[in-house]
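A single structure is presented below for examination.
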Number of protein chains: 2
Amino acid sequence: MSASKSAAKARNEPAPGHVALGRLGDFVGFRLRRVQNQLSRNFAAVTAEEGLKSGLFSSLAIIGANPGLSQNELSHEVGLDKSVTVTMIDEMERNGWAERRRAPEDRRRHALFITEAGQAKLDRLFTLMEETESAVLHQLSEGELALLSELLDRMYDAVVRDEG
Amino acid sequence: MSASKSAAKARNEPAPGHVALGRLGDFVGFRLRRVQNQLSRNFAAVTAEEGLKSGLFSSLAIIGANPGLSQNELSHEVGLDKSVTVTMIDEMERNGWAERRRAPEDRRRHALFITEAGQAKLDRLFTLMEETESAVLHQLSEGELALLSELLDRMYDAVVRDEG
DNA sequence: TATTGTTATACTCTATAACTATA
DNA sequence: TATAGTTATAGAGTATAACAATA
C-alpha cells in the first residue's frame, strides 16, 4: 500500500474507486436508479446515432403496438405531458414514421398510426436495443431474467396503483 | 377502486394494462425504467416537501458515508458533472448540512464533510424513503428482495465495466 | 361545460467551455 | 502541463397555462 493511501485511510477517507454507500445501499430504489441511469445513457447514445431524441423510441413502439391510439392515451402510457407528446408526434410525422388521422367518431381526437417506414425504423431500433442490453443480460440466466421481469412488474403495478 | 380512477374511467381514458406493449415488453430496460420513473416521482414529491432538490439526497448520503470525499469523487459516484456538484454543495452549505474543507495535502481539493444538522436531516430522509419504498416492497418477499438486489448489482457491475 | 390537441412559455436538469489556483 | 474546483452559458426535457375545435 502506498504512503498516500495509508494517509487517506488514517483520515478515514475513501479509497479511490471504493466509495462506501452506507445506508443508501439498503434501498432498492437506489440500485434500480443506478442500473437504469447507465442503461438509459447507453440507449441514448444508440438512439442519438439513429437521429432521434430520447423517449421517441418507446412512443413509436407503443403506437406500433396500438394502432389508432389517441395522443392522450399515448401520453398517459409513456408518462409524459400531452404537450410533450405533440412535439414528439410532430417529429415522427416530419420523419415519416407515424401519422395523425382525425378520428371520425370523435373529431377532437387524433388517431395515431405507424407508417411502413416507421415500422422499418422501429425494427432496426429493436435490434439495436437488443444488442445494447445483451451485455447486461449475459450476467443473468434465463430464469433469473424472467424472475427479474416478474418482480419489476409486480413493483410497477403496486407503485402505479398507489398513485391512482 | 380510487376516486381518481373512476374519474379517469368516466373520461374514457384507457385502463392501465389496456395498452399493448408489443416487443417493448421484451426489454428489461423498459420495465426497469417505468418502475424507476414512478419511484423517483414519489421520491421527488417527498424530497420537495423537505425542501431539497432531486439528487441532493443521495449526494448527502454519499458524503455522510465517505467523510473527506472530494467533489470529483462525489461527481463520479453519483454520475453528475462536476459543475452540477458545485451547485449542489453550495446548497448544502447554505442549509448547513455539509461543509467544504480545503485539503492540506493537496490544496486544490475540497474535502467534504456532513454536519450534525446534515446527519439529522439525512436520518429523517432515510426514514421517509423507507416509507416511500414500503408500498412497493410489500409486494416482494424478503428472499425476492435480496435476489432482486443481487441481480441489479450484477447488472450494474456489467454495465459500468462496459463503459470503462 | 368538459375534453383533445395545440402553442407559448418558463423552469429544472445537465453538459460544455473558459477561467483560477494549485500541483 | 495537468488537475480540482468555479463560473457562465446553452441545450435538453418537462410542466403550466391559455387557447381553438369539438363534444
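Because the structure is a prediction, the values reported are computed rather than measured. Proteins get letters first, then strands, A, B, ... in listed order; numbering begins at 1 in each.
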For A:Arg101 and C:dG5, is the shortest distance between a side-chain N/O and OP1 or OP2 below 4.0 Å? no
Identify whether NZ of Lys or CZ of Arg in A:Arg31 sits under 6.0 Å from the centre of the six-membered ring of B:Tyr156 and within 45° of that ring's axis.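 No, cation not above the ring by the 6.0 Å, 45° rule.
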Measuring from the side chain of A:Leu80 (C-beta onward, heavy atoms only), which nucleotide among C:dT6, D:dT14, D:dT6 has the closest atom?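 Within the option list, the nearest is D:dT14.
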Please confirm whether any donor atom in the side chain of A:Arg107 sits under 3.5 Å from an acceptor in the base of D:dT22, or the reverse.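 Such a pair does not exist between side chain and base.
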Salt bridge or not between A:Lys121 and A:Glu116? Use side-chain N to carboxylate O under 4.0 Å. no
Atom pair CE/CZ of B:Met129 and A:Phe30 - distance to nearest 0.5 Å: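 Nearest 0.5 Å value for the CE-CZ distance: 13.0 Å.
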From D:dA23, D:dT14, C:dT22, pick the nucleotide closest to the side chain of A:Val84?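 Nucleotide nearest to A:Val84's side chain: D:dT14.
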In terms of relative ring orientation, are B:Phe126 and B:Phe57 parallel, tilted or perpendicular, with 30° and 60° separating the classes?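 Ring orientation of B:Phe126 relative to B:Phe57: perpendicular.
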For the pair made of NZ in B:Lys82 and P in C:dC19, what is the distance, rounded to whole Å?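 After rounding, the reported distance stands at 14 Å.
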Consider only side-chain heavy atoms of I, L, V, M, F, W and Y, link residues closer than 4.5 Å, and tell whether B:Val19 and B:Leu21 are in one cluster.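 Same cluster: B:Val19 reaches B:Leu21 through Ile, Leu, Val, Met, Phe, Trp or Tyr contacts under 4.5 Å.
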Using whole Å, report how far NZ of A:Lys53 lies from C1' of D:dT14. 13 Å
Rounded to whole angstrom units, what separation is found between the CD atom of A:Glu93 and the P atom of C:dG5?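 For the pair A:Glu93 CD and C:dG5 P, the rounded distance is 12 Å.
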If you check every side-chain atom of A:His110, which of C:dG5, D:dT6, D:dA2 has the closest atom?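 So the nucleotide nearest the side chain must be C:dG5.
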Ranking C:dT6, C:dT4, D:dT6 by distance to the side chain of A:Asn72, first place goes to C:dT4
For A:Arg102 and A:Ser83, find the nucleotide of DNA chain D closest to each by heavy atoms; which residue's nucleotide sits nearer the 5' end?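 First, find each residue's nearest nucleotide; the 5'-ward one identifies A:Ser83.
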Could you check which of C:dG5, C:dA2, D:dA4 has an atom nearest any side-chain atom of A:Ser70?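 The answer is C:dG5.
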A:Gln71 CD to C:dT7 P: how many Å, rounded? 10 Å
Expressed in angstrom and rounded to an integer, what is the separation of B:Arg109 atom CZ from C:dT20 atom P?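 One finds 23 Å between P of C:dT20 and CZ of B:Arg109, rounded.
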Whole angstrom is fine here: how far is it from CG in B:Leu74 over to P in C:dT14? 13 Å
For atom CZ of B:Arg108 and atom P of D:dT1, their distance in whole Å: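 My rounded result for the distance is 16 Å.
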Taking only the side-chain heavy atoms of A:Asp90 (C-beta and beyond), determine which of C:dG5, D:dG13, C:dT7 contains the nearest atom. C:dT7
So if I take every side-chain heavy atom of B:Arg100 and compare against D:dT6, D:dG5, C:dT6, which nucleotide ends up nearest? D:dT6
Output the single nucleotide from C:dA2, C:dA15, D:dT3 whose closest atom is nearest the side chain of B:Asp81.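 Of the options given, the side chain of B:Asp81 lies nearest C:dA15.
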Could you state the atom-to-atom distance from CD of A:Glu105 to C1' of C:dT4 in whole Å? 13 Å
